[in-house]
Structures are given as C-alpha cells and as structure tokens.
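Only one structure is covered here, and it is reproduced in the block below.
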Amino acid sequence: MTIKKIANNVYATSVLNPNMRTFDVIMRTENGTSYNSYIVEGTEKTALIETAHIDYFNNFIENINEITSLEKVEYLIMNHNEPDHSGSIAKLLKLVPNLKIITTKAGSIFLKNIVNEEMPNIIVAKDGDEIDLGSKTLKFITAPFLHWSDSMFTYLKEEKLLFSCDFLGTHYCEPQIFDTKISHIDDYTKSVKNYFDAIFSPFKPYVRNGLEKIKDLQIDIIAPSHGPILTKNCQLENLINCYKEWSEEKPKEKISIPIFYCSAYKNTEKIANSIADGIRIILPNSDVKTYDIIKHDMKKLSQELNESDAFLIGTPTINRDAVPPVMNLLNEIDAINISKRQCAVFGSFGWSGEGIPNVKVRLQSLKVNLFDEDFKVNFVPTNKDLENAVDFGERFAQGLKL
Ligand code: FEO
C-alpha cells in the first residue's frame with residue numbers, strides 16, 4: 001500500500017487481500033477485499049479504528065508501526081465486532097494491555113465472547129457520545145442492524161470524515177485505496193451492488209435510518225472498513241444515492257404470488273399451472289407467475305420469492321427427497337424477513353413422496369405461515385387431479401390474509 005495519509009493526521013493501516021474469492025463462506029469476492037483500519041492522531045491522544053482478520057495480524061501490526069508506535073494508541077474504536085474487524089483484538093491486547101476499547105452496548109457483549117479475555121477497559125459508547133483526542137473529536141453515531149445490532153459510525157468532526165464500517169463498503173481490493181484511483185469502475189460498481197444485496201438487503205429499513213442519521217453531517221470522506229475510501233465528487237454521493245435507491249420501499253401495483261417448481265416429467269408443472277389458475281380465479285388482479293426453477297437465474301428467483309406477498313413451492317421426489325434446485329432456492333430465502341409469509345407446497349411423486357414433507361421442514365424452520373393443506377399426486381395427474389389442483393389454488397387464495 002503506497003498511500004497512507006487520508007486526511008490531516010489520519011492514516012490508513014488497512015490490510016489488502018486481493019486474492020480472496022469467498023468471504024464469510026457465502027459471498028463471492030471476484031475482486032478480493034481489504035480489511036480497513038485507520039489511525040487518528042490528536043495532539044494528545046491516538047485512536048485506532050478497528051483491527052483486522054486474525055490471519056492478517058502481522059501485516060496489520062506492521063502497517064500500524066509504519067505510522068506510530070503501538071504504545072501511543074490509547075483507544076481502539078470498534079464500530080462493529082464481526083471477526084473480520086475484531087479478530088485481532090485478543091493478540092493486540094497482549095501488545096497493548098491498557099488499550100481502551102470503545103464500542104456499543106451490544107458490541108461490548110459480543111466482544112466478551114469473541115476475545116475470551118478479561119477486558120477491563122471497555123467503554124460503552126451511546127449515540128452522540130464524543131471523545132476528544134486533542135484537536136480531533138470523534139463522535140459516535142449508533143447504527144443498529146447495519147448490519148449487526150452492535151453497529152455504529154464514528155464521525156471525525158474536524159476532517160468531516162465518517163468511519164462507516166461495513167456500511168457503504170465493498171469487497172473490492174484497491175491498492176491505492178481511494179475511489180479516485182479505481183481503474184476497473186465497472187467491476188467496482190458490480191461489487192458494490194453484490195455487497196449491498198448480500199449484507200444490507202435484509203435490513204432495508206435500517207439502511208434508511210442510517211442514511212437519515214448521517215444526512216445532515218458535513219462529509220467530505222467516507223472511510224469504510226472494506227474497499228476504497230469514498231471522496232466527495234467521486235463515489236461518495238453515488239454510493240449514498242445507490243443505497244437510498246436500493247433500500248427504498250417501492251409500492252407494488254399488484255399482489256405477487258409466485259409459484260416455483262421443478263418437474264422431471266411435467267407432472268409437477270401441470271399441477272403448478274392448475275394451482276395458478278385457481279389463484280387467478282379468486283384474485284384476478286394478482287400477479288401469479290409460475291417458474292420452472294432450473295430455467296431461471298437463481299438470483300432473480302430468490303428476489304421474486306423474497307419480495308412476494310405469498311408463494312408456493314412444487315417439488316417432485318427423487319431418491320426420497322426434494323430435488324436439489326428446490327432446496328437451493330430455499331437456501332436463498334431471506335430468513336430475516338420471511339417469517340409469517342404465507343406459502344404452500346405441492347408436487348407429483350412416484351414412490352413415497354418425501355419431497356413435500358422435506359420442503360415443509362425447511363419452510364417451518366424459517367417460521368413461515370404454511371397453508372394447512374399440501375397438494376400431492378401420485379405419478380401423472382388425471383384431469384380430475386388437475387381440477388382438484390385448481391380448487392386447491394382457490395382455497396389457498398381464499399385463505400390469504402394480505
Ligand atoms: Fe465486515 Fe460485518 O463485517
């Protein structure tokens with residue numbers, strides 16, 4: 001990393017990880033990432049903003065030593081304590097035992113079970129609290145569920161600089177650390193959206209709250225904990241606008257009731273279409289689309305499901321289970337926001353039909369509101385079976401509380 005100074009007496013001590021391709025098990029990171037941390041030097045005291053993943057502890061310490069000596073660091077500000085930020089604290093405390101750690105109440109509870117060491121010097125920051133480092137004032141702004149309950153922002157007043165942690169960050173490794181230096185802007189833009197979708201889309205009301213809390217601050221620089229630093233007139237305004245747009249509550253024109261299915265021999269497909277017909281009889285103005293799961297992009301399907309008003313899942317049974325594409329879709333469900341969503345399960349089966357109950361077990365674990373009935377047919381549905389499927393669709397629609 002060649003650039004370290006990011007503002008007056010503010011330095012990046014970030015660790016770059018250009019080769020990372022999977023983050024937190026679930027996120028593809030085609031452009032690597034960075035574990036950003038920062039040093040703020042006041043005339044009297046020095047603060048460190050966050051640490052790094054434990055695997056990069058040595059690089060992290062080397063970067064700090066290039067800026068200041070560790071003994072001078074009096075405060076460690078933890079805006080959020082997921083281990084990609086807090087992982088180095090236990091080792092850091094061995095080097096700086098008197099370090100004062102400032103975090104939210106929730107953060108203080110999490111840290112005890114992450115560090116598993118005595119931490120007598122934890123200071124709980126409340127919304128609006130400030131500390132004075134000498135000509136440098138840090139103000140703490142709680143930002144719950146962005147994206148953990150412990151999250152907060154830290155605003156450095158004199159430099160109009162917001163340390164935003166995961167918020168407005170990106171898994172994109174930029175060696176020159178500033179947004180002005182990004183050479184593959186399309187890749188960066190794609191990373192920003194993927195990052196938002198993976199981390200913040202389950203927390204849209206909180207995103208709106210977070211944006212509201214910072215809207216009146218004068219901000220020239222946003223220093224997130226992953227990816228490039230955002231500067232005024234470059235990406236700063238753009239990312240804030242993107243977050244506004246992506247977190248917006250969009251009124252729907254129609255009630256959406258998608259039906260997702262897999263069908264080896266078109267039997268489950270026929271049932272899906274008949275159920276759709278039944279729903280349309282009761283709710284003619286609703287949007288009832290059927291999706292053969294293997295013919296569509298999983299991201300689109302999961303978005304349809306997660307934004308639905310109610311949904312149905314159809315599966316055949318192969319080898320005593322639901323088929324993998326169905327289970328893959330169930331794995332994409334937004335577990336935070338799906339609870340109480342009304343849904344039903346159906347399918348054709350050949351032998352014993354475990355697919356339907358196995359799908360229901362997964363849905364029940366997500367605390368959805370399962371319709372009292374399932375609809376299943378042994379092998380090929382007869383005309384009578386398909387009439388019954390229409391009736392099933394009607395009963396499902398009649399029972400919806402929307
Ligand atoms: Fe970058 Fe929520 O950790």
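In this text the structure is predicted, and so the values were computed from the model without any measurement. All ligand and atom numbering here is 1-based and tracks the order in the structure.
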2.8 Å cut-off (strict), protein N, O or S atoms about atom 2 (Fe) of ligand 1: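 Those protein atoms number 4 in total.
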For E130, give me all partners under side-chain hydrogen bond (donor to acceptor under 3.5 Å, both in side chains), at least two apart in sequence or on another chain. K157
By salt bridge (charged side-chain N to carboxylate O under 4.0 Å, His left out) - contacts of R395 (at least two apart): E373
Can you see whether T142 engages K213 through a side-chain donor-acceptor pair at a distance of less than 3.5 angstrom?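 The criterion, which ignores hydrogens and geometry beyond distance, is satisfied for K213 and T142.
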Have S37 and T13 got a donor and an acceptor in their side chains that come within less than 3.5 Å?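 The criterion, which ignores hydrogens and geometry beyond distance, is satisfied for T13 and S37.
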Which pairs pass side chain to side chain donor-acceptor pair (under 3.5 Å) with one or both residues in residues 158-169, sequence neighbours excluded? H80-D166, H85-D166, K136-E159, T137-E158, H147-D166, D166-H226
I'd like to know if K252 and D287 make a salt bridge, using a cut-off of under 4.0 Å between side-chain N and carboxylate O.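 Between D287 and K252 there is no salt bridge, as every charged N stays at least 4.0 Å from the carboxylate O atoms.
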